[in-house]
Visitor: 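Below you will find the structure I want to go over with you.
Keep in mind that what you see is a predicted model, and the values were worked out from it rather than measured. Atoms within each ligand, like the ligands themselves, are counted from 1 in listed order.
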Amino acid sequence: MSFPIASVALVNSVLFGVYSNTLLALTATSHQERRAQPPSYTNIFIAGCTGGLLQAYCLAPFDLIKVRLQNQTEPRMQIASSMPRYRGPVHCASSILREEGPQGLFRGSWALVLRDTPTLGIYFVTYEGLCRQYTPEGQNPSSATVLVAGGFAGIASWITATPFDVIKSRMQMDGLKGRKYGGMLDCMASSFRQEGIGVFFKGMTLNSARAFPVNAATFLSYEYLLRLWR
Ligand SMILES: CN(C)C(=N)NCCC[C@H](N)C(=O)O
């Protein structure tokens with residue numbers, strides 16, 4: 001449990017840090033100045049995509065370890081003769097390095113990049129769009145607006161991210177017991193052949209239901225910290 005929590009914290013700090021700094025570089029305005037001179041949606045989209053791209057690529061090994069540990073069904077402690085394959089995050093990383101080589105740690109990273117780059121652009125555009133819609137010009141959004149806009153931004157990003165999320169998770173689990181897929185395209189084609197179009201929407205309802213509270217809280221903390229540090 002501590003590993004997924006730590007990796008979410010790391011992912012969010014890279015994402016929001018890159019997003020804010022890219023927007024600063026594109027618009028040359030601080031967070032406070034942006035209320036009076038709102039950045040264009042194109043700049044917000046570019047900054048969001050940049051944040052998504054960098055967080056996905058840099059943090060791909062953390063996501064892979066999280067997925068492998070979460071999908072491990074053997075018990076954690078030794079019962080009879082069944083030893084868990086991975087005894088924790090460090091053991092998981094070293095086993096992947098030993099058994100699958102350094103590239104093994106980046107398995108599924110293309111699908112992760114394709115999942116996160118456009119969808120994080122959509123994420124920040126949705127958030128900003130909703131905040132602007134419900135906030136009088138030149139003012140900061142209220143906490144209720146931030147919560148609702150953050151929640152819907154999470155839902156919009158997860159609805160669009162789910163097809164690549166399915167492929168990413170399958171690619172990351174591939175390699176555990178031999179290689180089943182020849183690559184990302186092969187994984188997409190064979191999943192589609194065997195399970196039909198519905199395969200690309202597996203988990204969408206659950207992802208979206210989880211996304212509302214998670215991202216409402218994420219954006220509330222982000223806005224609060226920005227106002228605190230200004
Ligand atoms: C792949 N997608 C859609 C995203 N990363 N979206 C942004 C939300 C991030 C948040 N930590 C969450 O887990 O919902």
Visitor: Taking distance alone, with no angle check, do Arg210 and ligand 1 share an N/O pair under 3.5 Å?
Guide: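 In this structure, Arg210 places an N or O atom under 3.5 Å from an N or O of ligand 1.
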Visitor: Tyr123 to ligand 1: N or O pair under 3.5 Å?
Guide: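 No; the residue has no nitrogen or oxygen that sits under 3.5 Å from a nitrogen or oxygen of the ligand.
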Visitor: Are Phe164 and Leu112 side-chain neighbours, meaning at least one heavy-atom pair lies under 4.5 Å?
Guide: no
Visitor: If you measure from the Lys or Arg side-chain nitrogens to the Asp or Glu carboxylate oxygens, is any gap between Arg170 and Glu195 under 4.0 Å?
Guide: yes
Visitor: Please state which protein non-hydrogen atom is closest to atom 4 (C) of ligand 1 and give its distance, to 0.1 Å?
Guide: Leu120 CD2, 4.0 Å
Visitor: Looking at atom 9 (C) of ligand 1, what's its closest protein heavy atom, distance included?
Guide: Asn215 OD1, 3.7 Å
Visitor: Take a 6.0 Å sphere around CZ of Phe212 and say whether it holds more than 12 heavy atoms from other residues, nucleotides or ligands.
Guide: yes
Visitor: Is the closest side-chain donor-acceptor distance between Tyr123 and Thr160 under 3.5 Å?
Guide: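 No donor-acceptor contact under 3.5 Å links the two side chains.
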Visitor: Judged on heavy-atom distance to atom 1 (C) of ligand 1, which of Asp116, Ile159, Ile122, Val11 sits nearest?
Guide: Asp116
Visitor: Quick check on salt bridge (charged side-chain N to carboxylate O under 4.0 Å, His left out): which of Lys168, Arg179, Lys180 does Asp174 satisfy it with?
Guide: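 Only one of Lys168, Arg179, Lys180 forms a salt bridge (charged side-chain N to carboxylate O under 4.0 Å, His left out) with Asp174, namely Arg179.
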Visitor: Any N or O on Ser157 sitting closer than 3.5 Å to an N or O of ligand 1?
Guide: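 Right, the criterion is met.
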Visitor: Return yes if some donor-acceptor pair links the side-chain N/O of Ser94 with the main-chain N/O of His91 below 3.5 Å, else return no.
Guide: yes
Visitor: Give the residue and atom name of whichever protein heavy atom lies nearest to atom 11 (N) of ligand 1, and the separation in Å to one decimal.
Guide: Asn12 OD1, 3.6 Å
Visitor: Should Gln55 be counted as touching ligand 1, given the test is an N or O pair under 3.5 Å?
Guide: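 Between Gln55 and ligand 1 (N or O atoms, distance only) the closest approach is not under 3.5 Å.
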